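Reading through the structure tokens given below for one structure.
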Amino acid sequence: MSKPAARSCDGRQLEYYRSLSKAIRLDVLEMTYRKKAGFIGTSFSCADVLAVLYGGFLGREALHPQDPDENTFLLSKGHGASAWYAALANVGYFPRERLSEFNTSGSYLGVHPKRGGLPGVAASSGSLGHGLGLGCGLAQAKRIRGGAGRVCVLLGDGECNEGSVWESAMFAVRFGLSNLIAVVDRNRLQSYGSDQDVLNMGDMAVKFQAFGWNAVELDGHDHRAIHAALANAWAEKERPTALIANTVKGKGCSLFENLVLWHYKWPEEAHYLQARKELEGQ
Amino acid sequence: MRNAFLQAMLEGAAADERVSLLMAETGFSVVEPFQQRFPDRFYNTGIAEQDLVSVAAGMALGGLRPVAYSMSAFLPSRGFEQIKIDVCYQDLPVVLVSTGTGLSYGNLGATHHAAEESALMRALPNLTVFFPACGEELGEMFRYGLKSEHPTYISMPKTASPKLPEHQFVPGRPVCYRTGADGTIFAVGHSAAEALRAAEQLERQGVHMSVYGLHTLKPLDAGEICTAANTGRVFVVEEQQRSAGVGGDIARILLEGGAQLKTFRSFAVPDQFAGPVLSWQEQAEEYGLSGGRLAQSILDAVKGTA
Ligand SMILES: Cc1ncc(C[n+]2csc(CCOP(=O)(O)OP(=O)(O)O)c2C)c(N)n1
């Protein structure tokens, strides 16, 4: 699994990515609507990144973080768990029916992911600013043990307000963790306001570059661009890679897009029906 | 309760122009009226709890009266050293306010629970630690904090403010909700509502309980605790890890005071993280902290020591 994927993807692959994105969003919609739980804005925002990552790079084999040759994914912005569960289910980590256990008493499909709760959930998260440090340690462990596995960490752009993210960014460069890939879901909305009104993170690629990373910006809803950027990151030999994925929070349904309210809100019936219609037409 | 916080915040800022509100990306659909009314006294430090605390301490150094607001799961633990050194060591008048005390974030899981905050905050010199039982208490604590020359920590539940019997808030003083000769319940913060439910149920079963609300966890009122424990049966209820809560402190106070007890029980969160998904009510039930479970445990203990 660690061999780099082809740099570009063909039409069939693109079609697969599109269908995965759609399936992830539809499943997230069901989970948040039926279980009145979870965070739909952040989950829709990262659906396309997850579709390409799982559909083209991780497959069904990112299961054992302790295997140095295996690739591992970490969801640092743990509130996007519904999208992660949906991605895992749709590429076959567990039966899709299990998604109905989301936020159900007694189940391990929590609003935030819990390590070992589900196949493919390699680490717990929910408190922001931990994933990149975990990723550094894990990437280092794989290297020390002579493996070729990559570690890919998905962060929120607001999450990058946390100083701990930048402590990890320094470590990753100091130890030349070329097997570490950080994807920043750059949707420019947080949970109270917009990035611009809060701390204004500015040009995040430049920030990561200043820390010594290989950092590029891309359209985080363009499957072809995501594929190409991940393929380059997979081939990187010297530095850790940061992919600043420009996205729209709530992407996929016009009702949810670009509104802080939909960080929190759960769809009611009318929202649900319209979202279904819009998603099914995609 | 968050509404009581907003009201107290608005009043505090109107009365004293040194008061400002800092928050770390928390308070959506709560603090907006403050931001609108006092735009130049409102600061969002971003998702950065450590910086939230340091900046607030710096403002206090500069003569202001900052209030730093975040979530109970993140403020005391992520910002711990900043609270310890910047705020408490320097004994600065910062009011730290958090939402989501104990397990009150329920189904959001262990990352959002704050079942150790009592230990963290009580371990710090100079800090007064309040856990309100209701919105009215929260408002009073807040006013107290803004007037104090020392730091204050207030942690409120995510749950709605319960309807409690009318009572007066005196900082440091346990609230006596009811008296009975068969035993004494000390209920911390929002556990008062469940303790009162348990006492009402026990009353119907012929067991008469005293119920005291502990809203001030530091300093603890040793004298009042010893007096209230004269029923000889003491029960402490709190939504904190058993080793993190005040149960052990109360036992020590009673031992040091020479209290003669037939029973002492601490009802608290067991030594474990939340496992599978459970709502707040389900957790309270599972850990024996709901009114019904408390009543049963107390009934057994009273019968066993009749
Ligand atoms: C340490 C910490 N502080 C605060 C929170 C509360 N919180 C949850 S999501 C969120 C906003 C996240 O924004 P961003 O990282 O931009 O992710 P998005 O939802 O936009 O994808 C906040 C503040 C948290 N989970 N962890």
Side-chain angles (χ1 to χ4, degrees), chain A residues 35-39 76-79 81 101-118 123-131 155-167 189-201 259-265, chain B residues 21-32 34-36 39 42-55 69-79 81-82 99-100 105-114 158 272-283 285-286:
Chain A
K35 297 307 169 99
K36 304 212 176 318
F39 298 88
S76 191
K77 51 163 215 170
H79 60 296
E101 293 172 26
F102 181 63
N103 192 51
T104 303
S105 294
S107 102
Y108 281 90
L109 276 74
V111 170
H112 298 103
K114 188 171 166 70
R115 174 173 176 245
L118 266 180
S124 303
S125 54
S127 173
L128 298 167
H130 293 245
L155 302 112
D157 54 351
E159 178 179 12
C160 295
N161 293 169
E162 292 282 4
S164 56
V165 171
W166 302 97
E167 295 175 20
L189 280 191
Q190 310 196 166
S191 53
Y192 185 83
S194 71
D195 164 52
Q196 203 174 0
D197 291 341
V198 182
L199 290 184
N200 194 357
M201 299 295 285
L259 290 171
V260 176
L261 177 68
W262 285 98
H263 176 84
Y264 301 93
K265 199 170 159 58
Chain B
L21 175 62
L22 296 89
M23 57 77 153
E25 197 67 11
T26 10
F28 180 74
S29 82
V30 179
V31 299
E32 288 83 353
F34 184 94
Q35 181 178 16
Q36 274 146 27
F42 175 85
Y43 302 89
N44 183 351
T45 65
I47 310 170
E49 295 76 9
Q50 299 180 329
D51 198 45
L52 169 80
V53 177
S54 292
V55 171
Y69 177 58
S70 176
M71 285 158 69
S72 313
F74 308 125
L75 182 60
S77 50
R78 184 69 73 94
E81 213 222 358
Q82 282 74 12
T99 181
Y105 265 103
N107 65 317
L108 294 199
T111 56
H112 283 58
H113 294 160
K158 187 75 177 73
Q272 65 189 57
F273 287 107
V277 176
L278 287 180
S279 69
W280 176 65
Q281 286 92 339
E282 288 167 332
Q283 273 163 11
E285 196 62 30
E286 170 154 329

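Here the structure is a predicted model, which means the values were calculated and not measured. Naming: A, B, ... by sequence-line order, numbering from 1 per chain.
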- Message: Heavy-atom count check: over 12 atoms from other residues, nucleotides or ligands less than 6.0 Å from A:Gln196 CD?
- Response: no
- Message: I need the minimum non-hydrogen distance between A:Gly126 and B:His112, along with the two atoms involved.
- Response: O-CE1, 3.2 Å
- Message: Does any backbone or side-chain atom of A:Leu128 lie under 4.5 Å from a heavy atom of chain B? Answer side chain, backbone, both or neither.
- Response: both
- Query: At a heavy-atom separation under 4.5 Å, does B:Met23 approach chain A through its side chain, its backbone, both, or neither?
  - Reply: side chain
- Looking only at A:Val111, A:Val260, A:Val198, most heavy-atom pairs under 4.5 Å shared with chain B are made by A:Val198
- Item | Closest approach of A:Asn161 to B:Ile47 (non-hydrogen atoms, all atoms of both residues) | OD1-N, 3.0 Å
- Nearest-0.5 Å distance that lies between atom NE2 in A:His130 and atom OG1 in B:Thr111: 9.0 Å
- Has the side chain of A:Ser191 got a donor or acceptor atom that lies under 3.5 Å from a matching backbone atom of B:Glu25? yes
- Note on the structure: Applying a strict 4.5 Å limit to non-hydrogen atoms, the region of A:Tyr264 in contact with chain B is side chain
- Message: Please verify the inter-ring angle class for A:Tyr192 with B:Phe42; under 30° counts as parallel, over 60° as perpendicular, anything in between as tilted.
- Response: tilted
- Task: Please flag which part of B:Gln283 lies under 4.5 Å from any non-hydrogen atom of chain A: side chain, backbone, both or neither.
- Result: neither
- Query: In Å and rounded to the nearest 0.5 Å, what is the CD to OG distance from B:Glu286 to A:Ser105?
  - Reply: 10.5 Å
- Query: Which atom names give the shortest non-hydrogen contact between B:Gly275 and A:Tyr108, and what distance separates them?
  - Reply: C-CE2, 3.7 Å
- Message: Is A:Leu261 in contact with chain B via its backbone, its side chain, both, or neither, using a 4.5 Å heavy-atom distance?
- Response: both
- Query: Checking heavy atoms, do the side chain of A:Glu101, its backbone, both or neither come under 4.5 Å from chain B?
  - Reply: neither
- Note on the structure: Between B:Thr45 and A:Leu199, the two heavy atoms sitting closest are O-CD1, 3.5 Å
- Item | Which portion of A:Ser125 sits near chain B, non-hydrogen atoms under 4.5 angstrom | backbone
- Message: Just verifying a value: how many Å separate A:Gln190 CD and B:Thr26 OG1, rounded to the nearest 0.5 Å?
- Response: 11.5 Å
- Note: vs chain A, highest number of non-hydrogen pairs under 4.5 angstrom among B:Pro276, B:Ala73, B:Ser279 is B:Pro276
- Query: Side chain of A:Lys114, backbone of B:Ala110: donor and acceptor closer than 3.5 Å?
  - Reply: no
- Go through the atoms of A:Thr104 and report whether side chain, backbone, both or neither lie under 4.5 Å from a heavy atom of chain B. backbone
- Message: For chain A, which candidate among B:Met71, B:Gln35, B:Gln50 shows the most heavy-atom pairs at distances under 4.5 Å?
- Response: B:Gln35
